[in-house]
2 protein chains.
Amino acid sequence: MAGFARFLAVLRLFDDTANAWTVPAMSDALGVPASTVYRTVRDLVAGGFLEAAHESVYRLGPAFIEYDRLLRLTDPLVSAGRGALHDVVAQARTPCVALLSRLYNDQVMCVADEAARDTAFRPSYERGRPMPLTQGATSKVILAHVPTRQLNRLLGAPKERDNRDGALRRELADIRKRGFCATASEIDAGLAGIAAPVIVREAGVIASLSLVADDTQLDEAQRRRLILLVVSAASLVAEALRHALQPPILNDTRQRLVK
Amino acid sequence: MAGFARFLAVLRLFDDTANAWTVPAMSDALGVPASTVYRTVRDLVAGGFLEAAHESVYRLGPAFIEYDRLLRLTDPLVSAGRGALHDVVAQARTPCVALLSRLYNDQVMCVADEAARDTAFRPSYERGRPMPLTQGATSKVILAHVPTRQLNRLLGAPKERDNRDGALRRELADIRKRGFCATASEIDAGLAGIAAPVIVREAGVIASLSLVADDTQLDEAQRRRLILLVVSAASLVAEALRHALQPPILNDTRQRLVK
DNA sequence: TCAATATTCTCATTTTTTGAGAATTGGTTT
DNA sequence: AAACCAATTCTCAAAAAATGAGAATATTGA
């Protein structure tokens, strides 16, 4: 392993529990000489991807916070959808969390979330956390709209496509037809998920807007109301995206090409 | 330029206005052959730092959102301070924004912010935005507690240390003595900043907790009350840091060293 | 100040990256 | 369905950069 892979390998050492590393520890963990790791770390620090904390301990650096802000500010989906999330949690009139999630390379990730004022629970889904592809309303409604070829790639080798796979594909087709997906206790026990698709192919966006609420507090009428709320919010976001997104990208590219 | 610098150069192309790039455009802008940029971009996409949007346009990728969440969850300063921010905006009883900011390599950056319920304005300072080192209460209170050697490095070559430099150093010494810094209209016209230091040397943390409010709505009594609020909140955060931070780091490092 | 440890440096060797253009892919248009 | 166009990957020899072991040097805390 060398080149860019070395940098990735160092960054991948950091996770929820191991969030501070010394160079000798990295060297051990990666099986790479210390002098090489020192050089790699020096580059990463210079780029802001790591920072030297006290006592020769390194932590993730400010570049991630900075680029994350850039994404928040410039991602068309986030800017088109943030207002909708706010409206949805306000109009839900029940403790809940609204999420905007999207397919990103080959994982589903929440890119924006907002909780209603008095919401005690927090769903597993939250901004920046990769989510399972095939579980939860949020993900399934996305998967239901992935083009077939891409779906095949995501679901893995044909070998693994056994009986379960057929059932999933039927479920996805059904979701696509209905235009929404509602589940309960599929990710978090006791929580219900309601999701609707936000599809703007021209912009490469395959996303979902979803609502997570306490399942035990939902009667049938309530549920139907929330589904309507989510579906209409999602289509508003898609419409906003279609109208706001395309011109900027074209402008931008042209400017740069000319320059 | 080559190696890691190539990756940095590509990522640095992305900013507030240029948030979507085609490979030919990058190739032009960097003066590097397209085939090389294609390889670089492929690596960055594989690492999640870029994503292929529609129409051969690339945007910043999900890795930044993911690592940002990791930072939010594991940064001792953020976890020790988030609650304090919430308390401060609640107890301020006036529209305001509370910030937690820190020295990060050689820039000051806000790492957490919270606005009071009915706050109409938003200060320039916000999570993820690099801030000037020598302007604004938030930054100056941090600079006032940077060790001399490091301060010299930050302020630049001795040549540049002219008359202004002396004044700044006197001001910083004064801030250090008082234990807080209050300014008005130094960053945003009409807004006042009140900041207190959060210093935990054992943890390599040099940070500040600050409050931004509408300057025209502050009388002397109000201002004094807010200063007290900020100073005490900051010292609570420092105390929490001292007690919560150190053991985890040691454990962590040891685990990894053993493994 | 001194000792201990972290970090950088050195340099010959190995390994990767580079760049130009050809080949291929993927998606539209006719 | 074929042809077209642009985007992307591939090929290969030359050039550049990364590597690793240990020596040299900085930093830091007592």
Side-chain angles (χ1 to χ4, degrees), chain A residues 1-10 20-47 50-59 105 146-153 201-204 249-250 253-254 256-257, chain B residues 1-10 20-47 50-59 105-106 146-154 200-206 246 249-250 253-254 256-257:
Chain A
M1 168 205 32
F4 190 58
R6 167 98 1 119
F7 295 99
L8 281 189
V10 167
W21 286 82
T22 63
V23 171
M26 297 186 217
S27 169
D28 267 20
L30 297 175
V32 168
S35 63
T36 298
V37 177
Y38 272 114
R39 264 185 300 238
T40 306
V41 166
R42 195 202 312 156
D43 288 346
L44 287 169
V45 169
L50 290 182
E51 63 139 354
H54 188 69
E55 293 273 356
S56 73
V57 166
Y58 291 87
R59 305 178 49 80
N105 295 332
V146 169
T148 312
R149 249 179 300 188
Q150 199 178 352
L151 182 65
N152 291 339
R153 191 158 21 91
R201 279 190 207 293
E202 314 88 272
I249 277 193
L250 288 174
T253 310
R254 265 194 216 131
R256 296 293 152 179
L257 279 166
Chain B
M1 167 204 36
F4 190 58
R6 167 96 3 116
F7 295 99
L8 281 189
V10 168
W21 287 82
T22 63
V23 171
M26 297 187 218
S27 169
D28 267 19
L30 297 175
V32 168
S35 63
T36 298
V37 177
Y38 272 112
R39 266 185 299 237
T40 307
V41 167
R42 198 201 309 155
D43 286 347
L44 287 169
V45 169
L50 290 181
E51 62 140 355
H54 188 70
E55 291 276 357
S56 72
V57 166
Y58 291 87
R59 305 178 49 81
N105 294 331
D106 51 359
V146 169
T148 312
R149 249 178 301 187
Q150 199 179 352
L151 184 65
N152 291 340
R153 192 159 18 93
L154 290 177
V200 184
R201 278 188 209 293
E202 315 89 271
V205 169
I206 303 182
Q246 281 187 303
I249 277 194
L250 289 174
T253 311
R254 266 195 215 130
R256 296 291 152 176
L257 280 165

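No hydrogens, no waters, no symmetry mates; every other heavy atom, side chains included, goes into these values.
Rounded to an integer number of Å, the gap from CH2 of B:Trp21 to P of D:dA7 is 15 Å. Between B:Leu30 atom CG and C:dT18 atom P there is a gap of 12 Å when expressed in whole angstrom units. One atom, CZ of A:Arg201, and another, P of C:dT28, lie 12 Å apart when rounded to the nearest Å. To the nearest angstrom, P of C:dT15 lies 13 Å from CZ of A:Arg6. Taking atom CZ of residue A:Phe4 and atom P of nucleotide C:dT18, one finds them 12 Å apart after rounding to whole Å. Look at CG on A:Leu44: it is 13 Å from P on D:dA18, rounded to the nearest Å.
With D:dT11, C:dG21, C:dT7 as the candidates, the nucleotide lying closest to the side chain of B:Arg39 is D:dT11. When distances run from any side-chain atom of B:Tyr38 to the nucleotides C:dG19, D:dG20, D:dA7, the shortest one goes to D:dA7. Comparing C:dG21, D:dA21, C:dA6 by their nearest atom to the side chain of B:Ser35 picks out C:dG21. Of the candidates D:dG20, C:dT7, D:dC10, D:dC10 carries the atom nearest the B:Arg42 side chain, counting heavy atoms from C-beta on. Closest contact between the side chain of A:Thr36 and the listed nucleotides C:dT18, D:dG20, D:dT9 involves D:dG20.
The two residues B:Val146 and B:Leu151 come nearest to each other via the heavy atoms CG1-N, 3.5 Å. Closest of all the heavy-atom pairs between B:Ser27 and B:Val37 is CA-CG2, 3.9 Å. Here the shortest heavy-atom pairing between B:Phe4 and A:Asp43 reads CE2-O, 3.3 Å.
Dashed line: the shortest gap from a side-chain N or O of B:Tyr58 to OP1 or OP2 of D:dT8 is under 4.0 Å.
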Margin query: Working note: A:Tyr58 + A:Met26, criterion side chain to side chain contact (heavy atoms under 4.5 Å, CB included); need CA distance, chi angles, decisive distance, verdict.
Written below: CA-CA 10 Å; A:Tyr58 291 87; A:Met26 297 186 217; 4.0 Å; yes
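Checking B:Gly3 against A:Ala34, the closest nucleotide of DNA chain C that is more toward the 5' end is the one next to A:Ala34. Of the two residues near DNA chain C, B:Ala2 and A:Val23, the one whose nearest nucleotide lies more 5' is A:Val23.
A distance-only check finds no donor-acceptor pair linking the side chain of A:Thr36 to the backbone of A:Val32 [under 3.5 Å].
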